[in-house]
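A quick write-up on the structure given underneath.
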Amino acid sequence: MTERRVRVRFAPSPTGALHIGGVRTALYNYLFAKKNGGDFLLRIEDTDQGRFVPGAEEYIIESLKWLGIIADEGIGFGDGPYAPYRQSERKPIYREYVMRLIDEGNAYYAFDTPEELDAMRERLKASNVDAKYDAITRSTMKNSITLAEDEVKRLLDSGAHYVIRLKLPRKEEVKLFDEIRGWVSVNTSQMDDKVLFKSDGMPTYHLANVVDDYLMKITHVIRGEEWLPSAPLHVLLYRYLGWEDVMPKFAHLPLLLKPEGNGKLSKRDGDRLGFPVFPIQWQDPTTNEISSGYREAGYLPEAVVNLLAFLGWNPGTSQEIFSMQQLVDAFTIDRVSKHGAKFDQNKAKWFNQQYVRHTSDNILAVELKKDVEKNGLTFSDAYIEKATSLIKEKISFVKELWSMGNYFFINPSQYDEAVITKRWNEKSPAVLNSLIENLSSLSEFTSANIEEQYNLALTKNEVAGKDFLQLLRVCLSGVAGGPPIFEMCELFGKENTILRLQNALNTIKK
RNA sequence: GGCCCGUUCGUCUAUCGGUUAGGACAAAUGGUUUUCAUCCAUUAAAGAGGAGUUCGACUCUCCUACGGGCUACCA
């Protein structure tokens, strides 16, 4: 077999918001494709009409685009040579292949009603046997194996509801090589005759995914670990369809787990634990319930990509900050870990902090400006950018430029109680008055000059600097921490600095 | 219950038979920053348990325990 061009796909189903674990799967597929000079495609697996959620598809596309996980082909990315990329639009294709399975005796019609299936399962459970539709139970059910040929024909002609099931051998070891876990083997005696074709004329995931991966020339299937148990089934499908020689390689990714330990990370965990589990905000169209997203929470896309990449993969070096291109260059499947990873909010925050710090002031200032304007305030771009540069070092999230630095734009009316209680004393008003006086006569309002005047005010009132500086900060900004004080003052300007000091003097009384 | 997968500091992980088991986040302590939310330094912190194989096992095998996944006409 000649070397095939690497082609991988991300194939979510549009049943709601794309979970962060799904995003990681998409990312690993993307990294693998780019690393190997291949193609990454987005395919929408909407074979379950009943679970379709409006807006989910758009949400998936928008999320991937926000993160820079750009597909070469597929829905939302200009389609491509293997269109359509939405399984519901490929409906006629699947019938052809499932008929081939029937003709060759590898699949059969089953006419059992849901009630009959339930009854069978309960019967088996009661006798302590595994309740599955398999080589043994199928002989007791209503299908084209047990029914006479003309009866099957009559049922089909009369439009009776039926599904098509894969006919598994009674006892056969099915082996597959997983690129992450090595050889995995399952006996068909443990599997059941999975439905391939539903009564609504749609294929199930199992059939559709195999047929599409074949037709779209997929070389590697990189997906979540939840698919590992059904992978042997897919192997069998490739075999029966005669495609084993071009069967993709499999890599089953470990799952993302809840931070407290039990179970995989799920939709509800995010807002319960105070961090997003979705890339961007999602509003459920039926309940209107809003789930927070990384984007809205102030995460930078590059940070999300970086932190996600490290949840289940590492380069084997001590480097942790990676651009997308660096990830592409470094990524290999064999460095993906086998075990699930718990999401660590602290580490996520740290990653974002790194990226915020490395983002230039003028770009961050644009975001801060939005908040300033949202609050009905007007400041020059230069002022906003300078404020950005001062606040930037202290924050982890872009939105904290405003939440932690809004005192650059609004004079404080409240003052940190703890600091006031601790630092304010009978000498404080005198120091402030001296400072106001000194600053008023200052012609060049620079941080160095301000500091000089501050020290003079201290000396005059016989107060130690260490005891007063934090109090000064609180008088100016209202809060206990922040950037260098005198640089702050320089930005506030002479008039506003003095106004702030006077306000503090008038407001804080003890 | 059955089947499959997994198990190194609190968390993410390095180690591909021989290491004082390394790094990062978080934590604690100290320092710098005349304030702090930055920064620097230091400390504490791990091979689930039991059998093998081997001169030697975190690393290979088996058992047990624990965790996770799957077990639909859902993906």
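Computed over heavy atoms, backbone and side chain alike; hydrogens, waters and symmetry mates excluded. The structure displayed is predicted, hence computed values, not measured ones.
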**Request:** Quick one: look up who B/C60 pairs with, Watson-Crick or G-U, both distances under 3.5 Å, and put none if it's unpaired.
**Result:** B/G52

**Message:** Return the pairing partner of B/G6 with a 3.5 Å limit on both distances, Watson-Crick or G-U wobble; otherwise return none.
**Reply:** B/C66

Between [N] atom [atom2] and [X] atom [atom1], what is the distance in whole Å?
X	N	atom1	atom2	value
A/D344	B/C12	CG	P	8 Å
A/E320	B/U13	CD	P	11 Å
A/K347	B/U13	NZ	P	10 Å
A/L256	B/G69	CG	C1'	14 Å
A/I321	B/G23	CD1	C1'	14 Å
A/M191	B/C4	CE	P	12 Å
A/I485	B/U38	CD1	P	16 Å
A/F343	B/U11	CZ	C1'	11 Å

Reckon [X] touches a base, only the sugar-phosphate, or nothing at all at heavy-atom distances under 4.0 Å?
X	answer
A/P254	nothing
A/G224	nothing
A/R423	nothing

From C-beta outward on [X], which listed nucleotide comes closest to its side chain: [options]?
X	options	result
A/E225	B/G68, B/C25, B/C36	B/G68
A/R473	B/U15, B/U35, B/U7	B/U35
A/L228	B/G23, B/C39, B/C5	B/C5
A/N346	B/C4, B/A26, B/C12	B/A26
A/V186	B/C4, B/A14, B/G6	B/C4

**Item:** Partner residues of A/F197 under the ring-ring contact (aromatic ring centres under 6.0 Å, His included) criterion, sequence neighbours left out
**Value:** none

**Prompt:** Which letter, B, S or -, goes with each nucleotide of nucleotides 70-75 of chain B from 5' to 3', with contact meaning a protein heavy atom under 4.0 Å?
**Reply:** S--BBB

**Fill in**
Per-nt protein contacts along nucleotides 28-34 of chain B (heavy atom under 4.0 Å; B base, S backbone sugar-phosphate only, - none) come out as ------B

**Prompt:** Can you list the steps and then say if A/S185 with A/E173 is a side chain to side chain donor-acceptor pair (under 3.5 Å)?
**Reply:** CA-CA 7 Å; A/S185 124; A/E173 204 65 21; 2.5 Å; yes

**Prompt:** With no hydrogens and no angle check, is any side-chain donor or acceptor of A/S230 less than 3.5 Å from a backbone partner on A/L233?
**Reply:** no

**Polar side-chain atom of A/R43 near backbone of A/R9 as donor-acceptor pair, under 3.5 Å** = no

Closer than 4.0 angstrom, basic N to acidic O: yes or no for [X] and [Y]?
X	Y	result
A/K264	A/E225	no
A/K392	A/D361	yes
A/K347	A/D344	no

**Asked** Less than 3.5 Å between a donor and an acceptor, one on the side chain of A/D130 and one on the base of B/G1, is that the case here?
**Response** yes

**Message:** Tell me if the aromatic rings of A/W282 and A/Y59 count as close, with their centers under 6.0 Å from one another.
**Reply:** yes

**Item:** Ring-ring centroid check A/Y28 A/F331, cutoff 6.0 Å
**Value:** yes

**Prompt:** Do A/P203 and A/Q87 come close enough that some side-chain heavy atom pair is under 4.5 Å?
**Reply:** no

**Request:** Answer yes or no: does a side-chain N or O of A/H339 lie under 4.0 Å from OP1 or OP2 of B/C12?
**Result:** no

**Request:** May I ask you to verify if any side-chain N or O of A/S337 is less than 4.0 angstrom from the OP1 or OP2 atom of B/U13?
**Result:** yes

